[in-house]
Undergrad: 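Encoded as C-alpha cells, here's the structure I'll be asking about.
Reminder, nothing fancy here: chain letters follow the sequence lines and each chain counts from 1.
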Amino acid sequence: MSADKKQQLKAIRGMNDILPPDTELWQNVETICQQVLSGRGYQEIRLPIVEQTQLFLRSIGADTDIVSKEMYTFDDRNGDSLTLRPEGTASCARAGIEHGMFYNQQQRLWYCGPMFRHERPQKGRYRQFHQLGAEAYGWTTPDIEAELIAVVHDMFERLGLRGTRLQINSLGDQQTRTQFRDALQNYLRPRKDKLDEDSQRRLESNPLRILDSKNADTQEILNGAPVLSDFLSEESSQHFALLQEFLVQLGIEFEINTKLVRGLDYYNDTVFEWINDGFGAQSTVCAGGRYDSLVEQIGGAATPGFGFAMGLERLVQILQEQNAAIAERSSKIDVYLISTGDAARGQALNMQSKLAKIGLNAVLHCGQSSLKNQFKRADKQGARVALIVGEEESAAKTVGIKILDRSAAPQSQQTVKQNDVVNAVTNCLESL
RNA sequence: GUGACUGUAGCUCAGCUGGUAGAGCCCCGGAUUGUGAUUCCGGUGGUCGCGGGUUCGAACCCCGUCAGUCACCCCA
C-alpha cells in the first residue's frame, strides 16, 4: 500500500456515461428514428470516429470556431494529424467519394454516433455528444429537401415531441453570398463601435454570423441592415418558393427567418433549423441544409448534397422534461424465478432458458437469499409472476406459480410440473 | 476561452456566529424457522471534491485546484 491515496478515476469532462434506465429511452428514440428513415429509403452508413485533420479543415472551414478552437486534434504514432470527428457530414461525403457512391448515382444515407467538440459543457452541450444525421446526394431540386424535412417532422411526431418550430431560410448561391457579405460589411463598418465585442471581431472574418447574435443592441442595429433575401438570384428564389409550396402541401408549418445562418461554411441555398423553446440556451434540436459544393471541395466530382443532423442528448432531455410517453419505463419483467438450494437453482436456470426462448422477460434470482428476500426483489422490480422452486418442488420436479399483481386474489399460487412451465406461465400472463 | 452559483453517505439533503458528522430513501438482518405492498425494531455505509493556509481546534474562515450547473461564446 502506498501512502498516496489512489486517485478516483473519473470520466473526462463533458463526456458522460449513459446509464440504465436512460439507455432504454435512447434505444427507443434511435429505433423510431431509424424506422422513419428506412421507411423512406434511407440506408445506414457507418463511419470511423477518427479522420485526417485535413478533411475537416477543408470541409467545415478553417475560420469557423469548430475548426479553430474546438477540435480534438492529435498526432498518431506515424506523425499524421488526426481529429476526432466534430460532425458527420464531412465523413459521409468523404466515404461516398472514396467508394464511388456518387458516380452516376444518387444516395440516401443516414448515420448515428458520437461527435467530439472541446467546448465548455452546459445544458444540451457536451464534449462527446451524439448526432443522428441523414444526407441525400445527387439532387438539386427542393423535393428532396421537403422529403428530408418531412423525415424529421415524422420522427418528432412519432416520438411525441411537443413545441418544436421549424425555421427555414435561403442563403442563395455562392455569388449571392459574396454580394450580400459585401453589402452587410458596408452597412456595419460605420457602425462598428456600436456592435458587441464578438460581432466586431467577426465583422471581417465571418460577418454573416453577426446576424444571429444574441446581443440586443446588435440586433437593434441589424434591423436596418440589408436583407439576404433581397439578394437572391431568380433561380434561388424560385427554388426556395417551391420548397415552401411543398411544405404547405405536406401540412408542415414553418417560419422564414432571414437571419438564420449556419456555423459551417459549406452551406448554400436552403438551410433549416428545428427549435424547441423552453429548453434553455441550446434550443436547436436539429439543423441542416444544402451543400452543393462540399463534395467537390474535398476532392470529389461536383455532387449536390442536402442533409441534417439531430442532437440526441438534446432530444432525449427534452422528451424527459416533457414527460413524453416514450420516456416512460416500458421494460417489464414477466417472470422472476425464485429458488432455494443448488438443485432447485439448476432447474430454475433450465426454466429461465425455456421462457426466454419464447420471448418472455425472465429474471433469475442469483446468489444466496431467503425466500422472503427473493420475493421482495421480485416485487420491487415489478415482476408480474413469480416462479418458486423450493426443496419440495425441486424433489417433485414441480414449480409454484404466483401472480404478484396486487389486484390478484391472495390465494393465487398454483403448482404445475416443470415440463409444463411454458404453457402454464403463458396462460397465467394472458389472464392478467 | 469568460462569468455566476454549487460540491457533506449509493441518491435527496440538514449541519446555528469554527468545538473532529446527522435525517430520509436505498441496501442488509429480525419481528413472521418456505412467500412480495404496509408497520415496527436493529444494522452496514462518509479522512465533509482535492491540496495548502489561519487556529488550541476547520464541513464551516482564507488561497489554490478539480468537477458540476446555468449563462456568454459557439452549436446539434
Side-chain angles (χ1 to χ4, degrees), chain A residues 4-8 10-16 19 60 64-71 86-89 112 114-133 152 196-199 201-202 206 209 212-215 261-264 272-276 279-289 307-318 336 338-341 344 365 367-394 400-408 410-413:
Chain A
D4 294 353
K5 188 174 39 167
K6 260 188 193 156
Q7 251 192 335
Q8 169 141 16
K10 292 194 294 187
I12 303 298
R13 181 144 133 112
M15 305 201 182
N16 300 314
L19 309 172
I60 298 172
T64 60
D65 281 27
I66 294 178
V67 168
S68 59
K69 52 190 194 195
E70 293 175 0
M71 292 207 304
E87 58 112 30
T89 302
C112 180
M115 308 293 164
F116 303 84
R117 267 129 84 163
H118 190 104
E119 303 181 90
R120 185 95 169 249
Q122 73 182 74
K123 187 178 188 182
R125 194 179 77 183
Y126 308 99
R127 291 185 174 179
Q128 173 174 337
F129 61 103
H130 297 78
Q131 284 188 339
L132 185 146
V152 180
D196 60 277
E197 211 179 307
D198 292 304
S199 294
R201 180 172 48 78
R202 274 179 299 196
N206 200 351
R209 290 214 59 83
D212 57 11
S213 165
K214 283 177 190 168
N215 186 286
V261 293
R262 311 268 61 233
L264 286 59
F272 69 100
E273 202 161 299
W274 294 83
I275 294 166
N276 209 288
F279 185 63
Q282 316 297 321
S283 55
T284 300
V285 185
C286 173
F308 70 80
M310 230 163 58
L312 293 184
E313 275 80 0
R314 291 181 188 179
L315 187 58
V316 165
Q317 245 181 298
I318 293 169
Y336 196 89
I338 290 169
S339 55
T340 52
H365 187 100
Q368 298 280 349
S369 297
S370 66
L371 277 180
K372 173 184 168 154
N373 186 261
Q374 299 195 44
F375 270 98
K376 269 188 179 172
R377 296 217 75 91
D379 185 61
K380 195 147 280 175
Q381 294 182 45
R384 302 165 71 194
V385 163
L387 291 190
I388 307 99
V389 193
E391 269 143 42
E392 285 171 27
E393 290 88 347
S394 175
I401 301 180
K402 179 168 181 176
I403 294 168
L404 293 178
D405 202 312
R406 284 191 197 102
S407 56
Q411 303 292 340
S412 57
Q413 188 166 334

Undergrad: Sequence neighbours excluded, which residues qualify as side chain to side chain contact (heavy atoms under 4.5 Å, CB included) partners of A:Gln128?
TA: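 So A:Gln128 forms a side chain to side chain contact (heavy atoms under 4.5 Å, CB included) with A:Met15, A:Pro114, A:Phe116, A:His130.
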Undergrad: Among residues at least two apart in sequence or on other chains, which ones pass side chain to side chain contact (heavy atoms under 4.5 Å, CB included) with A:Arg201?
TA: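 Here the qualifying residues are A:Asp198.
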Undergrad: Sequence neighbours left out, what passes side chain to side chain contact (heavy atoms under 4.5 Å, CB included) with A:Asn16? Give chain and number order.
TA: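 Result, side chain to side chain contact (heavy atoms under 4.5 Å, CB included) vs A:Asn16: A:Tyr126.
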Undergrad: Sort out the partner of B:G1 for me: Watson-Crick or G-U wobble, both distances under 3.5 Å, none otherwise.
TA: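 B:C72 is the nucleotide pairing with B:G1.
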Undergrad: For A:Lys214, check salt bridge (charged side-chain N to carboxylate O under 4.0 Å, His left out) against everything at least two apart and list the hits.
TA: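 So A:Lys214 forms no salt bridge (charged side-chain N to carboxylate O under 4.0 Å, His left out) with any residue.
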Undergrad: In chain order, what residues pass the ring pair (Phe, Tyr, Trp, His ring centres under 6.0 Å) check against A:Tyr336, with sequence neighbours excluded?
TA: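 By the ring pair (Phe, Tyr, Trp, His ring centres under 6.0 Å) rule, A:Tyr336 matches A:His365.
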Undergrad: Do A:Asp196 and A:Ser199 have side-chain atoms, one donor and one acceptor, less than 3.5 Å apart?
TA: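 A donor-acceptor contact under 3.5 Å links the two side chains.
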Undergrad: So what's B:A67 paired with, Watson-Crick or G-U wobble, going by both distances under 3.5 Å?
TA: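 Looking at the geometry, B:A67 pairs with B:U6.
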Undergrad: Side-chain N or O of A:Gln122 versus OP1/OP2 of B:A71: is the shortest distance under 4.0 Å?
TA: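 So the side chain of A:Gln122 is within the cut-off, an N or O lying under 4.0 Å from OP1 or OP2 of B:A71.
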Undergrad: If I take atom CG in residue A:Asn16 and atom P in nucleotide B:U69, what distance separates them, rounded to the nearest angstrom?
TA: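 Answer to the nearest Å: 7 Å.
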Undergrad: I want to confirm an ordering. Mapping A:Met15 and A:Ser283 to their closest nucleotides on RNA chain B, which one lands closer to the 5' end?
TA: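 The residue closer to the strand's 5' end, by nearest nucleotide, is A:Met15.
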Undergrad: What is the nucleic acid contact for A:Gly14, judged by heavy atoms within less than 4.0 Å: base, sugar-phosphate only, or nothing?
TA: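 Sugar-phosphate only.
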Undergrad: Under 4.0 angstrom, heavy atoms only, what part of the nucleic acid is A:Ala378 near: base, sugar-phosphate, or nothing?
TA: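 Counting heavy atoms under 4.0 Å across all strands, no contact is made by A:Ala378.
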Undergrad: Identify the heavy atoms of A:Arg314 and A:Gly124 that sit nearest to each other, and give their distance.
TA: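 That closest heavy-atom pairing would be NE-O, 2.6 Å.
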Undergrad: Checking all strands, does A:Gly124 fall into the base, sugar-phosphate, or nothing category for heavy-atom contacts under 4.0 angstrom?
TA: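 Base contact.
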Undergrad: Any N or O donor-acceptor pair linking the side chain of A:Gln413 to the base of B:U35 at under 3.5 Å?
TA: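 Result: at least one qualifying N/O pair found.
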Undergrad: Please name the nucleotide paired to B:C16 by Watson-Crick or G-U wobble geometry with both distances under 3.5 Å, or report none.
TA: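 By the stated definition (distances under 3.5 Å), nothing pairs with B:C16.
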Undergrad: Only distances under 3.5 Å count here; give the side-chain donor-acceptor pairs of residues 382-392 of chain A to other protein atoms, sequence neighbours excluded, each with its distance to 0.1 Å.
TA:
unit_1: A:Arg384; atom_1: NH1; unit_2: A:Asp334; atom_2: OD1; d: 3.3

Undergrad: Is A:Glu393 touching bases, backbone alone, or none of the nucleic acid, heavy atoms closer than 4.0 Å?
TA: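 It contacts base atoms.
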Undergrad: Let me know the distance between CZ of A:Phe308 and P of B:C75, rounded to the nearest Å.
TA: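 Nearest whole value for this atom pair: 20 Å.
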Undergrad: When all nucleic acid strands are considered with a 4.0 Å heavy-atom cut-off, which category describes A:Phe279: base, sugar-phosphate, or nothing?
TA: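 Since no nucleic acid heavy atom lies under 4.0 Å of A:Phe279, the category is nothing.
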Undergrad: Can you name the salt bridge (charged side-chain N to carboxylate O under 4.0 Å, His left out) partners of A:Arg127, sequence neighbours left out?
TA: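 Once residues adjacent in sequence are excluded, A:Arg127 has no partner under the salt bridge (charged side-chain N to carboxylate O under 4.0 Å, His left out) criterion.
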Undergrad: Just the atom pairs and distances: protein N or O near nucleotides 26-30 of chain B's N or O, under 3.5 Å.
TA:
unit_1: B:C27; atom_1: OP1; unit_2: A:Lys380; atom_2: NZ; d: 3.4
unit_1: B:C27; atom_1: OP2; unit_2: A:Lys380; atom_2: NZ; d: 3.0
unit_1: B:C28; atom_1: OP1; unit_2: A:Arg377; atom_2: NH1; d: 2.9
unit_1: B:G29; atom_1: OP2; unit_2: A:Asn373; atom_2: ND2; d: 3.1

Undergrad: Check nucleotides 3-10 of chain B against the protein and report each pair of N or O atoms closer than 3.5 Å, with its distance, or say if there are none.
TA:
unit_1: B:G3; atom_1: O6; unit_2: A:Arg120; atom_2: NH2; d: 3.3

Undergrad: Please classify the nucleic acid contact of A:Glu392 as base, sugar-phosphate, or nothing, using heavy-atom distances under 4.0 Å.
TA: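 A:Glu392: base contact, heavy atoms under 4.0 Å.
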Undergrad: Going by modelled atom types, is there a donor-acceptor pair between the base of B:C73 and the side chain of A:Arg209 at under 3.5 Å?
TA: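 Such a pair does not exist between side chain and base.
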Undergrad: Mind checking A:Ile388 for me? I need base, sugar-phosphate or nothing, with any heavy atom below 4.0 Å counting as a touch.
TA: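 If one applies the 4.0 Å heavy-atom cut-off, A:Ile388 turns out to touch a base.
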